[in-house]
Amino acid sequence: MLEVVPVSAFKDNYVWTLRNATHAAVVDPGEARPVLDYLAREKLALAAILATHHHADHVGGIPGLLEQARVPVYGPKGEPIATLTHPVAEGDTVRVPELGVALSVLDIPGHTRAHIAYYGVESLFCGDTLFACGCGRLFEGTAEQMYKSLEKLRALPDDTRVYCGHEYTLANIRFARAVDPDNAALAAREERARRQREAGLPTLPSTLGEERATNPFLRCAEPVVVESANKYLGARIADPVSVFAAIREWKNRF
Ligand SMILES: [Zn+2]
């Protein structure tokens with residue numbers, strides 16, 4: 001049976017590990033050591049490595065993993081990752097036969113110029129683009145690109161499990177409550193996330209339905225979010241890309 005488990009790396013990164021009884025594939029291994037320790041402890045053979053974007057805290061562990069196992073390395077065609085054996089882009093499918101898994105590749109630029117997501121088995125591995133109750137910073141792309149990427153993810157089914165790259169949920173919720181103060185689903189989410197963190201548990205995965213109900217970056221057409229963006233800017237704007245750009249900038253200063 002396929003399971004997805006988090007292996008922690010650095011301070012708040014997750015290396016999402018798809019596994020069955022014998023094999024594993026890892027998404028965004030920023031560090032090799034915790035992954036190698038997990039594989040050894042669970043007696044799993046590494047079958048594949050998947051990267052969402054080129055940042056070191058997502059790909060830095062790949063050389064160390066390849067020293068132990070020569071496996072295929074998938075990642076974005078348009079980014080400089082020296083260890084890729086299979087550069088991919090939207091329209092491609094990544095198959096891991098050892099796990100019986102097939103994942104579709106989606107292009108979601110914005111955080112980086114060619115960031116990709118992997119979607120399949122009712123799960124979305126979205127790196128630093130969509131976060132639980134937040135979204136990634138715009139390092140290489142424009143607000144318009146990021147908005148379109150988030151809209152693409154927003155269109156996936158409600159029960160899609162969202163596996164993102166970092167445990168940023170509580171800080172993201174604090175900002176979301178400033179943007180969307182009367183959202184009851186958001187207040188309930190904060191309570192739940194706080195209990196999970198107090199118990200030492202990840203707040204992930206979330207679901208896309210939950211993100212649509214509470215994540216301000218997926219709610220740029222909601223009147224309350226438009227109103228908050230206008231208050232922040234001291235202006236009158238309504239188009240969703242400008243609203244997105246305003247709350248993304250606000251979050252940077254929050
Ligand atoms: Zn990143």
Side-chain angles (χ1 to χ4, degrees), residues 4 6 8 11-14 16 27-28 52-53 57-58 106 108 110-111 115 117 119 122-139 143 146-229 231-232 240-241 243-254:
V4 181
S8 293
K11 190 165 79 64
D12 52 29
N13 282 69
Y14 290 125
W16 292 108
V27 181
D28 286 353
T52 61
H53 67 294
D57 64 321
H58 294 252
L106 302 173
I108 48 168
H111 177 68
H115 196 302
Y119 172 64
E122 295 179 338
S123 301
L124 174 70
F125 300 92
C126 50
D128 289 355
T129 297
L130 175 63
F131 286 126
C133 220
C135 77
R137 287 173 186 260
L138 306 176
F139 286 123
M146 188 64 148
Y147 176 77
K148 283 187 181 152
S149 295
L150 291 171
E151 284 297 290
K152 189 184 285 183
L153 302 182
R154 189 178 184 276
L156 297 173
D158 264 347
D159 55 3
T160 305
R161 291 182 289 272
V162 178
Y163 294 95
C164 47
H166 292 268
E167 180 61 63
Y168 289 161
T169 313
L170 278 177
N172 286 344
I173 291 174
R174 271 194 293 280
F175 174 70
R177 293 207 67 182
V179 178
D180 194 0
D182 300 322
N183 185 330
L186 183 56
R189 185 175 191 180
E190 182 170 43
E191 202 40 53
R192 199 163 58 248
R194 188 178 292 135
R195 279 198 307 272
Q196 286 169 319
R197 296 310 290 153
E198 280 167 5
L201 298 170
T203 58
L204 301 164
S206 64
T207 65
L208 210 58
E210 191 175 17
E211 296 306 330
R212 265 198 293 271
T214 56
N215 188 328
F217 297 99
L218 298 186
R219 295 165 54 76
C220 294
E222 291 291 320
V224 58
V225 176
V226 175
E227 186 56 39
S228 289
K231 261 190 217 155
Y232 168 75
V241 174
V243 170
F244 171 78
I247 62 172
R248 184 55 266 184
E249 184 194 288
W250 180 7
K251 173 82 185 340
N252 292 346
R253 292 153 188 236
F254 189 73

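Heads up: numbering here begins at 1 and tracks the sequence. Treat the numbers as computed from the prediction; the structure is a model and nothing was measured.
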For this session: Kindly determine whether C126 and L153 satisfy side-chain contact (heavy atoms from CB on, under 4.5 Å), including the steps that lead there.
Result: CA-CA 9 Å; C126 50; L153 302 182; 4.3 Å; yes
Problem set entry | Check against side-chain contact (heavy atoms from CB on, under 4.5 Å), L170 and R197 | CA-CA 9 Å; L170 278 177; R197 296 310 290 153; 3.6 Å; yes
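Considering only heavy atoms from C-beta on, D180 comes within 4.5 Å of V224 through its side chain. In this structure, the side chains of C133 and L186 come closer than 4.5 Å at one or more pairs of heavy atoms. Put simply, the side chain of C135 reaches to within 4.5 Å of the side chain of F244, judged on heavy atoms. In this structure, R137 and K251 have side chains that are not in contact, with every pair of non-hydrogen atoms separated by 4.5 Å or more. Taking 4.5 Å as the limit, some side-chain heavy atom of L124 sits within range of a side-chain heavy atom of L156. For the pair V162 and F125, the minimum side-chain heavy-atom distance is 4.5 Å or more. Proximity of R248 to Y147: side-chain heavy atoms (C-beta onward) are nowhere separated by under 4.5 Å. Residues I247 and P216 are in side-chain contact: their nearest non-hydrogen atoms beyond the backbone lie under 4.5 Å apart.
Within 6.0 Å of atom NZ in K148, 12 or fewer heavy atoms from other residues, nucleotides or ligands are found, so the atom counts as exposed in its surroundings.
In summary, the aromatic rings of Y163 and Y14 are positioned with their centroids too far apart to meet the 6.0 Å limit. The aromatic ring centres of H58 and H166 sit less than 6.0 Å apart.
A side-chain contact (heavy atoms from CB on, under 4.5 Å) with R219 holds for exactly one of V179, N183, T214; it is N183.
The distance from atom CZ of R161 to atom OH of Y119, rounded to the nearest 0.5 Å, is 10.5 Å. In this structure, CZ on R177 lies 5.0 Å from CD on E190, to the nearest 0.5 angstrom. Rounding to the nearest 0.5 Å places CZ of R189 at 8.5 Å from CG of N172. Between T129 atom OG1 and I108 atom CD1 the span is 3.5 Å, to the nearest 0.5 Å. The NE2 atom of H53 lies 8.5 Å from the CZ atom of F139; values are rounded to the nearest 0.5 Å. A distance of 10.0 Å separates CD of E210 from CG of N215, quoted to the nearest 0.5 Å.
Listed for the D12 side chain is no donor-acceptor partner under 3.5 Å among the backbone atoms of E167. Although no hydrogens or angles enter the test, the distance criterion places a donor-acceptor pair under 3.5 Å between the side chain of T160 and the main chain of P157. A donor-acceptor distance shorter than 3.5 angstrom exists from the side chain of W16 to the backbone of C164, with no hydrogens or angles considered. Side-chain atoms of R192 do not come within 3.5 Å of backbone N or O of Q196 as any donor-acceptor pair.
Between V243 and A229, the closest heavy-atom pair is CG1-CB, 4.0 Å. Taking all atoms of both residues into account, the shortest heavy-atom contact from I173 to A193 is CD1-CB, 3.9 Å.
Between E198 and R194, none of the side-chain N atoms (NZ, or NE/NH1/NH2) sits under 4.0 Å from a carboxylate O, so this pair counts as no salt bridge.
S206 and E211 are linked by a side-chain donor-acceptor pair at a separation below 3.5 angstrom, with hydrogens and angles left out of the test. Side chain to side chain, D28 and T52 meet the donor-acceptor criterion of an N or O pair below 3.5 Å.
Counting only residues at least two apart or on different chains, the ring pair (Phe, Tyr, Trp, His ring centres under 6.0 Å) pairs with a member in residues 174-208 are F175-W250, F175-F254.
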